[in-house]
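This structure is a prediction, so every number in the text was calculated from the model and none was measured. Letters A, B, ... are given to chains in the order of the sequence lines, protein chains preceding strands, and every chain is numbered from 1.
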Protein chains: 2
Amino acid sequence: MHAALELVSSEANFSAISLRRIARQAGVVPTAFYRHFEDLDALGLTLIEDTFRSLRQILGDAALASMPLKGLVRYSVELFAHYVRDNRLLFQFVVKERFAGTVAMREAIHNEIVLLTNALAADLARFDEFSHISQDDLRVISDLVVNTVITLSERILDVDPDNAEDDALMLRAEKQLRLIFMGVGRWESRSA
Amino acid sequence: MHAALELVSSEANFSAISLRRIARQAGVVPTAFYRHFEDLDALGLTLIEDTFRSLRQILGDAALASMPLKGLVRYSVELFAHYVRDNRLLFQFVVKERFAGTVAMREAIHNEIVLLTNALAADLARFDEFSHISQDDLRVISDLVVNTVITLSERILDVDPDNAEDDALMLRAEKQLRLIFMGVGRWESRSA
DNA sequence: CATGAATGTGAACACGTGTACACTTTAGGC
DNA sequence: GCCTAAAGTGTACACGTGTTCACATTCATG
């Protein structure tokens with residue numbers, strides 16, 4: 001698995017690397033691959049699963065819902081950015097395969113993102129600031145927030161690790177999220 | 001070029017299809033490929049160029065800056081969505097290669113998006129509603145808007161063409177953009 | 001209509017690919 | 001310390017790959 005991640009990180013994407021190259025990178029003979037996965041698709045799906053399993057755990061442990069809304073934006077952006085940096089290869093893989101992968105992979109990633117969006121909507125619902133927002137609109141807003149955070153991680157992965165210009169990226173994302181939350185204050189859900 | 005687009009649309013992505021398969025799809029012998037492009041990279045870059053050239057033209061012709069801000073959101077979302085649907089294969093290609101493509105391709109796409117963002121920022125600056133926003137913040141806002149529209153097109157491409165549930169997607173994107181613009185009303189640029 | 005450029009052809013090359021199969025090595029629980 | 005399941009090995013096959021080169025065809029324009 002790690003060999004595959006390394007190759008995908010330095011090459012274009014998963015479909016561009018072969019079973020034999022992965023095996024070579026892992027220091028193992030090609031046929032040994034089959035001892036662990038039925039085929040390349042299975043490997044890819046496992047990598048995606050792993051990524052989101054641990055991401056869900058991080059986000060769950062953080063218990064964001066019990067924080068004051070003030071400062072939550074900065075905190076969660078930093079938490080997320082930290083996690084992305086710590087799992088660079090894994091996230092690079094997911095970002096690349098989100099649109100370029102197999103249908104199975106794309107669906108898996110999509111489903112996980114939907115789950116994250118739902119979780120965020122549920123968290124936001126607990127804040128007074130969102131009490132005037134309808135259920136549907138809560139999901140629309142969460143969707144926008146999730147997309148903004150995804151874009152942030154794509155960008156963090158695009159600059160090289162020790163460049164440290166991530167700060168500018170994070171500040172921009174924070175600004176955008178604050179802007180969104182400002183809009184929420186004036187928002188009126190027709191069917192609230 | 002069209003043969004390549006068809007294959008990429010039905011397969012995973014560009015790096016997964018071979019020169020020989022493109023030639024076969026085009027009804028031509030493999031070596032004939034070299035009469036038109038130096039290699040596959042050149043083909044890919046040309047496709048990206050073409051996509052954005054015509055997109056820039058559409059957006060330029062629309063002269064959005066001369067419209068009232070009211071109704072502009074709905075109009076531009078519809079214009080954009082229409083264009084994406086009319087150039088489904090082209091956009092599918094760009095979306096897939098945005099992160100999974102060659103470095104050259106990725107850079108080309110990235111640069112084009114930056115151009116679009118700058119153009120939007122310049123357009124927004126003409127509206128009274130944005131007169132209290134600093135130059136930098138204008139770019140941050142435009143960035144958020146562009147990302148939201150990109151996400152919309154990714155989703156339009158994900159549902160099959162004659163499904164006609166695009167409307168729901170467009171409504172969501174419109175809501176999100178209106179939310180952003182609501183935030184702008186309360187936004188205060190510190191260095192305005 | 002002729003001529004020259006643009007486009008398409010076919011054979012050949014060296015090499016990378018996924019996977020099957022029988023075999024050997026490694027490691028952990030009784 | 002043995003023995004069994006897991007992991008790794010080496011060989012072999014049929015096939016797809018990019019690119020080369022000399023040759024054939026098409027087509028526009030003088």
Side-chain angles (χ1 to χ4, degrees), chain A residues 1-51 53 89-90 92-94 96-97 99-109, chain B residues 1-51 53 89-90 92-94 96-97 99-109:
Chain A
M1 288 168 63
H2 191 244
L5 287 180
E6 285 175 333
L7 285 177
V8 170
S9 173
S10 58
E11 303 278 323
N13 63 74
F14 192 52
S15 72
I17 66 179
S18 64
L19 184 152
R20 287 175 111 104
R21 301 224 299 146
I22 295 175
R24 201 179 315 146
Q25 177 82 12
V28 137
V29 99
T31 50
F33 176 90
Y34 294 102
R35 300 293 176 192
H36 305 274
F37 300 97
E38 191 166 338
D39 54 17
L40 286 175
D41 272 356
L43 206 202
L45 286 173
T46 305
L47 287 171
I48 292 169
E49 249 177 60
D50 280 18
T51 308
R53 192 199 340 270
L89 295 187
L90 226 37
Q92 244 167 356
F93 181 86
V94 172
K96 285 179 175 179
E97 302 308 312
F99 297 110
T102 313
V103 252
M105 283 180 169
R106 292 209 307 260
E107 274 178 6
I109 296 174
Chain B
M1 287 168 63
H2 191 245
L5 287 180
E6 284 175 334
L7 286 176
V8 170
S9 173
S10 57
E11 303 277 324
N13 62 75
F14 192 52
S15 73
I17 66 179
S18 64
L19 184 152
R20 287 175 110 105
R21 302 224 299 145
I22 295 176
R24 203 179 315 146
Q25 176 83 10
V28 136
V29 99
T31 50
F33 177 90
Y34 294 102
R35 299 294 178 191
H36 305 272
F37 299 98
E38 190 166 341
D39 53 18
L40 285 175
D41 272 356
L43 207 202
L45 287 174
T46 304
L47 287 171
I48 292 170
E49 249 177 60
D50 280 18
T51 308
R53 191 200 340 271
L89 295 188
L90 225 38
Q92 246 167 356
F93 181 86
V94 172
K96 286 179 174 178
E97 302 308 313
F99 297 110
T102 314
V103 252
M105 284 180 168
R106 293 210 306 261
E107 275 179 4
I109 296 174

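- Residue Asp41(B) contributes atom CG, which lies 12 Å from atom P of dG18(D) at whole-angstrom precision.
- To the nearest 0.5 Å, atoms CG (Leu40(A)) and OG (Ser18(A)) are separated by 8.0 Å.
- No donor-acceptor pair under 3.5 Å is formed between the side chain of Glu11(A) and the backbone N or O of Ala16(A).
- Applying the side chain to side chain contact (heavy atoms under 4.5 Å, CB included) rule to Gln25(A) yields the partners Ala3(A), Glu6(A), Leu7(A); only residues at least two apart in sequence or on another chain are considered.
- His36(B) has a side-chain polar atom (N or O) that falls below the 4.0 Å cut-off from OP1 or OP2 of dG8(C).
- Rounding to the nearest 0.5 Å places CG of Leu47(A) at 9.5 Å from CD of Glu97(A).
- The distance between the ring centers of Phe99(B) and Phe99(A) does not fall below 6.0 angstrom.
- Atom CD1 in Ile22(B) sits roughly 12 Å away from atom P in dT19(D) (whole-Å rounding).
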Given protein heavy atoms under 4.0 Å, the one-letter contact record of nucleotides 9-19 of chain C, with B base, S sugar-phosphate only and - none, is simply BBB-----BBB
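- Expressed to the nearest 0.5 Å, how far CD1 of Ile109(B) lies from OG1 of Thr51(B) amounts to 8.0 Å.
- With rounding to the nearest 0.5 angstrom, the NE2 atom of His2(B) is 9.5 Å from the CG atom of Leu90(B).
- To the nearest 0.5 Å, the span separating OG1 on Thr102(A) from CD1 on Ile48(A) amounts to 8.0 Å.
- In the region residues 6-16 of chain B, proximity to DNA chain C at under 4.0 angstrom, judged on heavy atoms, holds for none of the residues.
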